[in-house]
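Working notes, structure below.
The residues of the chain are indexed from 1 along the displayed sequence. In this text, all values refer to a predicted model and were calculated from it rather than measured experimentally.
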Amino acid sequence: MDDVTDDVTNAVIADRLDRVADVILRRAGDRALAARLGLRLSRVTAPTGLAYQRYTPSLSVVAAGRKRSIVGDDDRVWGRDGFLITPVDLPVVTAVVEAEEPRGFLSARWELSPIVIAEVAAAMTVPGGGGRRAAPGKRLGGWTVPLADAFARLVALLDEPEQIAVLGPLACREVVVRLLQTDQAPRVLAMVADSDAVVPRAVSLMTGRMAEPWTVKALAAAVRCSEPTLFRRFKDATTMTPMQYLKRLRLGEARHRMVVLGEAAAQAASAVGYRSASHFSRDYRHVYGRPPAADAANTRLWLRTSEPGTPEPGRPGLGTPEPGSTESPAASGPGT
């Protein structure tokens with residue numbers, strides 16, 4: 001009986017994600033319409049390679065295909081089997097690894113509003129919320145039928161734009177309610193919990209002053225908490241240590257400076273806080289697969305000659321981020 005119930009549940013969730021996929025196929029090109037609901041839609045027709053992106057607090061959903069996401073030491077390939085919650089600004093390296101025929105890779109990212117989360121959480125009893133932290137490494141949330149239903153209804157409003165002003169706020173609140181009934185409730189609530197404010201403050205400091213010689217001790221002092229507390233809360237929220245986060249942030253900004261602004265590798269490295277050119281080159285090659293100068297030159301050439309969504313030739317595992325993401329190859333740096 002349990003197997004039958006699971007089969008029915010999985011079939012319903014698959015149906016709702018198919019509905020989401022159909023809307024993305026029709027509406028992926030209309031960014032202004034999607035933005036009215038806080039959505040960013042993406043369609044990619046072929047596998048891409050890894051590229052730096054900056055995720056703002058959001059719910060990420062894959063409706064067709066699969067992608068690879070690397071956050072610190074957490075490296076996973078995922079698709080319709082789950083969803084991801086990003087509770088704070090997060091530097092991520094991602095790639096499309098599977099694009100289904102004929103739809104391609106389809107995804108949506110929905111901006112999470114701290115105001116709406118706080119209002120909904122105050123009006124309901126959150127099972128297991130109560131300040132409990134998500135299990136370490138539990139970044140992929142499990143779909144429920146109510147959540148899949150709610151998200152499909154939200155996305156379906158893109159086919160009825162005249163109804164967005166009235167039904168949009170209701171649909172957004174329903175999605176938050178259903179998220180707070182999943183195993184990802186602690187991550188969602190972390191956006192509004194006073195006890196976890198040290199993480200957003202630390203992120204803001206590192207983002208705004210990334211060239212400074214931060215240490216965990218200095219960062220903990222700046223946000224007024226102990227080093228163990230900062231380390232633990234940061235790891236819980238981002239799956240990275242503060243210094244891993246800072247490194248990924250610096251590398252993404254350095255790549256932006258080289259590719260978009262045309263800065264030399266040494267100049268870009270210095271601007272983001274690296275004191276050693278060899279250290280920068282080693283870290284950069286570990287993430288992007290090539291030395292900084294060669295990568296920047298090849299990426300600039302590729303951007304001038306390729307169509308969006310085309311994998312970058314001659315560069316195993318590396319390429320372009322998804323259209324509709326916070327970052328694009330031409331602007332792959334913080335704050336763009």
Side-chain angles (χ1 to χ4, degrees), residues 13-14 16-25 27-29 31 34 39-87 89-112 137-143 147-148 151-152 155 179 184 187 238-240 248 251-252 255 287-289 299 306-312 315-329 331-332:
I13 292 171
R16 301 307 184 265
L17 291 176
D18 283 340
R19 296 182 190 183
V20 171
D22 290 342
V23 176
I24 294 174
L25 272 174
R27 301 294 183 179
R31 294 190 179 188
L39 288 163
R40 298 179 73 91
L41 308 180
S42 170
R43 180 179 185 231
V44 178
T45 57
T48 69
L50 294 171
Y52 171 86
Q53 298 181 52
R54 177 91 173 282
Y55 277 18
T56 55
S58 56
L59 161 68
S60 296
V61 173
V62 172
R66 295 177 71 78
K67 70 185 293 185
R68 181 183 178 192
S69 299
I70 305 173
V71 180
D73 294 330
D74 185 89
D75 185 344
R76 68 182 66 223
V77 174
W78 62 287
R80 290 159 59 110
D81 47 321
F83 60 89
L84 285 181
I85 293 294
T86 303
D89 286 9
L90 204 59
V92 183
V93 175
T94 68
V96 174
V97 298
E98 181 182 315
E100 299 174 358
E101 293 289 346
R103 296 185 296 186
F105 173 86
L106 304 171
S107 67
R109 196 157 82 247
W110 183 56
E111 179 184 354
L112 291 172
K138 182 63 174 175
R139 291 188 61 238
L140 193 65
W143 282 105
L147 175 59
F151 190 73
V155 175
L179 281 172
Q184 293 296 294
R187 288 191 178 279
T238 70
T239 74
M240 289 185 279
R248 190 57 55 80
L251 291 173
R255 189 168 193 249
V287 173
Y288 294 110
T299 303
S306 69
E307 293 294 325
T310 304
E312 188 174 352
R315 188 182 185 194
L318 297 171
T320 178
E322 308 154 32
S325 65
T326 302
E327 310 305 334
S328 67
S332 54

TODO: Could you walk me through whether Phe83 and Val62 pass the side chain to side chain contact (heavy atoms under 4.5 Å, CB included) test, one step at a time?
DONE: CA-CA 7 Å; Phe83 60 89; Val62 172; over 6 Å; no
Once rounded to the nearest 0.5 Å, what's the spacing between atom [atom1] of [X] and atom [atom2] of [Y]?
| X | Y | atom1 | atom2 | value |
| --- | --- | --- | --- | --- |
| Leu17 | Leu106 | CG | CG | 11.0 Å |
| Leu39 | Glu111 | CG | CD | 9.5 Å |
| Thr238 | Arg248 | OG1 | CZ | 11.0 Å |
| Arg187 | Thr86 | CZ | OG1 | 9.0 Å |
| Ser42 | Phe105 | OG | CZ | 6.0 Å |
| Leu59 | Trp110 | CG | CH2 | 7.0 Å |

Open item on the list: Using the rule given for side-chain hydrogen bond (donor to acceptor under 3.5 Å, both in side chains), can you reason through Trp78 versus Ser69, listing the C-alpha separation, both sets of side-chain angles and the distance that settles it, and then say yes or no?
Closed with: CA-CA 8 Å; Trp78 62 287; Ser69 299; 3.0 Å; yes
Least distance between heavy atoms, [X] atom then [Y] atom:
| X | Y | result |
| --- | --- | --- |
| Leu41 | Ala28 | CB-CA, 4.0 Å |
| Val44 | Ala99 | O-CB, 3.9 Å |
| Ile24 | Ser107 | CD1-O, 3.6 Å |
| Arg16 | Ala152 | O-CB, 3.9 Å |
| Ala64 | Gly104 | CB-O, 3.7 Å |

Is the shortest side-chain heavy-atom distance between [X] and [Y] below 4.5 Å?
| X | Y | answer |
| --- | --- | --- |
| Ile85 | Leu112 | yes |
| Arg255 | Val287 | no |
| Val92 | Arg54 | no |
| Val71 | Met240 | yes |
| Pro57 | Asp89 | yes |

TODO: Tell me, please, whether Tyr55 has Arg109 positioned over its six-membered ring: NZ or CZ under 6.0 Å from the ring centre and within 45 degrees of its axis?
DONE: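 Satisfied, under 6.0 Å and within 45°.
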Task: Pair Gln184-Leu179, side chain to side chain contact (heavy atoms under 4.5 Å, CB included): steps then yes or no - done: CA-CA 7 Å; Gln184 293 296 294; Leu179 281 172; 5.6 Å; no
Quick one: salt bridge (charged side-chain N to carboxylate O under 4.0 Å, His left out) partners of [X], sequence neighbours excluded?
| X | result |
| --- | --- |
| Asp18 | Arg80, Arg103 |
| Asp22 | none |
| Arg19 | Asp15 |

Open item on the list: If we check side chain to side chain contact (heavy atoms under 4.5 Å, CB included) with Arg68, which of these qualifies: Asp75, Thr48, Thr94?
Closed with: Asp75
